[in-house]
Visitor: 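Below: one structure in structure tokens.
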Amino acid sequence: MMVEDVSLDDSPLRDAPVLVARVRCGKGALRRSRCGRKAPGYDNGGGGRSWRHQDFGCFRVELSGPVPRVECRPHGVVVSRVPWAEPGGRFTRDFGSECAWLMTVAGQKTVSGFPHIAWRTAGDIARRIDSSVAEHRPNAERVLDPFHIVSWMTDALDRVGKRLWNQARRDGNTTATEAMRGVEYAVPGNPGDLTERQSTALATLADADPEGQLYRSWQLREPLRTLPRQPVERAEAELKRWIGRASRRRIPEIVEPCGKIRRRRDDILTTIRLGCSNARIEAFNNKIKVTIRMAYGFRNTDNLIAMIKLRCSGPPIHLPTPIL
């Protein structure tokens with residue numbers, strides 16, 4: 001990479017001053033973007049591009065430069081590969097690696113706030129790394145936890161209830177407001193775990209809102225709970241039928257989980273076929289979180305790690321028995 005110039009762009013079109021470094025590839029470094037092999041140059045590409053880089057102090061940094069095109073026999077004329085970014089990416093490799101590392105050790109607020117990117121953008125970066133797993137581990141099979149599959153619809157169901165309740169309250173419909181208030185805690189729960197009062201409220205769910213959207217959304221969630229316990233052939237047919245039903249409901253909150261389940265359909269069927277679950281990992285995570293809260297008074301992290309090992313490794317520790 002050849003650095004031609006570095007300047008500070010503080011134009012009013014930007015939210016904050018940006019440090020722009022103009023870069024270009026060396027003449028002997030032109031390679032195909034898909035296979036990475038050297039190729040003869042074709043033209044200058046008709047313009048330049050910008051890539052977001054790691055911040056320098058309090059300034060955002062962008063790399064800007066031309067992207068020439070090269071000749072590729074299998075794919076024709078394609079954009080050349082640049083050494084500082086992945087093909088088709090909007091960020092440099094270093095910036096993507098930093099965001100990926102943050103996603104493994106921090107939460108959503110830290111990831112979106114520290115590098116100043118949206119949470120959806122962080123998801124796009126993770127998806128690029130996800131594609132590399134398929135490239136280097138082609139025989140790996142992806143599985144999803146059944147609990148999280150149901151939680152997609154549970155969250156959507158909660159959003160439907162809130163929207164309908166707010167709408168009924170604005171319209172002055174006290175009957176619908178009281179009916180939906182009664183099923184607030186009954187709808188997210190499992191039918192077998194409800195109290196008698198919640199079961200009574202759930203029985204009136206069909207008449208809770210005028211259009212019946214809350215009841216139809218609840219009907220979509222229940223088949224997902226029983227789906228992992230069915231044979232693969234039957235589960236495949238049920239999942240196809242569920243996607244068709246969810247697409248025809250035309251409920252705004254159902255669009256996102258329906259599209260997510262449609263995209264992850266093969267992963268869901270693999271989960272059912274293998275019978276895998278991350279319930280044990282989730283249990284360990286919860287135990288570790290409780291241990292961290294218990295260890296607030298510890299002076300160093302070594303004692304915390306020792307306490308986590310003591311509580312999670314399951315050594316046979318018994319109270320001393322008095323000898324008479």
Side-chain angles (χ1 to χ4, degrees), residues 107-108 119-120 123 126-127 130 142-168 176 179-195 198-279 281-283 285-286:
Q108 172 181 350
W119 180 242
R120 181 172 296 181
R127 193 175 298 113
D130 179 70
R142 185 189 306 275
V143 296
L144 301 175
D145 185 56
F147 170 78
H148 290 93
I149 299 173
V150 180
S151 68
W152 296 342
M153 271 303 301
T154 302
D155 296 340
L157 191 61
D158 185 47
R159 293 194 298 269
V160 171
K162 290 180 179 179
R163 175 176 60 83
L164 294 175
W165 186 76
N166 291 328
Q167 181 179 349
M180 282 186 286
R181 182 181 297 175
V183 299
E184 179 181 0
Y185 299 101
V187 169
N190 297 330
D193 300 333
L194 301 180
T195 62
Q198 292 174 345
S199 300
T200 304
L202 191 62
T204 62
L205 183 63
D207 302 326
D209 60 288
E211 298 181 1
Q213 293 187 7
L214 188 60
Y215 179 67
R216 288 184 287 137
S217 302
W218 180 79
Q219 284 183 319
L220 287 174
R221 194 206 64 168
E222 292 309 299
L224 291 179
R225 290 198 312 105
T226 59
L227 193 67
R229 296 192 291 269
Q230 298 181 6
V232 180
E233 295 78 9
R234 184 177 177 182
E236 184 176 3
E238 288 288 338
L239 191 59
K240 182 179 180 180
R241 188 160 42 248
W242 185 94
I243 294 174
R245 289 176 54 196
S247 302
R248 292 189 296 267
R249 296 298 187 189
R250 297 183 179 180
I251 301 175
E253 291 81 4
I254 306 298
V255 174
E256 181 182 356
C258 179
K260 190 181 298 185
I261 290 175
R262 183 186 288 110
R263 292 191 303 268
R264 309 299 295 270
R265 176 180 174 182
D266 295 338
D267 299 339
I268 295 173
L269 294 177
T270 303
T271 303
I272 298 174
R273 177 173 57 85
L274 298 177
C276 295
S277 173
N278 66 345
I281 298 177
E282 292 289 345
N285 286 339
N286 291 332

Visitor: For the atom pair CZ (R245) and SG (C258), what is the distance rounded to the nearest 0.5 Å?
Guide: 11.5 Å
Visitor: On a heavy-atom basis, which atom in S217 and which in I254 lie closest, and how many Å separate them?
Guide: OG-CD1, 4.0 Å
Visitor: Side-chain contact test, heavy atoms from C-beta onward, threshold under 4.5 Å: evaluate it for I251 versus R159 and give yes or no.
Guide: no
Visitor: Distance check, rounded to the nearest 0.5 Å: E253 atom CD versus L164 atom CG?
Guide: 7.5 Å
Visitor: Once rounded to the nearest 0.5 Å, what's the spacing between atom CD1 of I149 and atom CG of L144?
Guide: 5.0 Å
Visitor: Looking at I261 and L224, what are the two nearest heavy atoms and their distance?
Guide: CD1-CD1, 3.8 Å
Visitor: To the nearest 0.5 Å, tell me how far L274 CG sits from L269 CG.
Guide: 11.0 Å
Visitor: Name every donor-acceptor pair, under 3.5 Å, that has one atom in a side chain of residues 229-244 and the other anywhere in the protein, sequence neighbours excluded.
Guide:
unit_1	atom_1	unit_2	atom_2	d
E238	OE2	R241	NH2	2.8
W242	NE1	L220	O	2.6

Visitor: For the NE2 atom of H148 and the CD1 atom of I268, what is their distance to the nearest 0.5 Å?
Guide: 13.0 Å
Visitor: Can any side-chain N or O of N166 pair as donor or acceptor with the backbone N or O of K162 at less than 3.5 Å?
Guide: yes
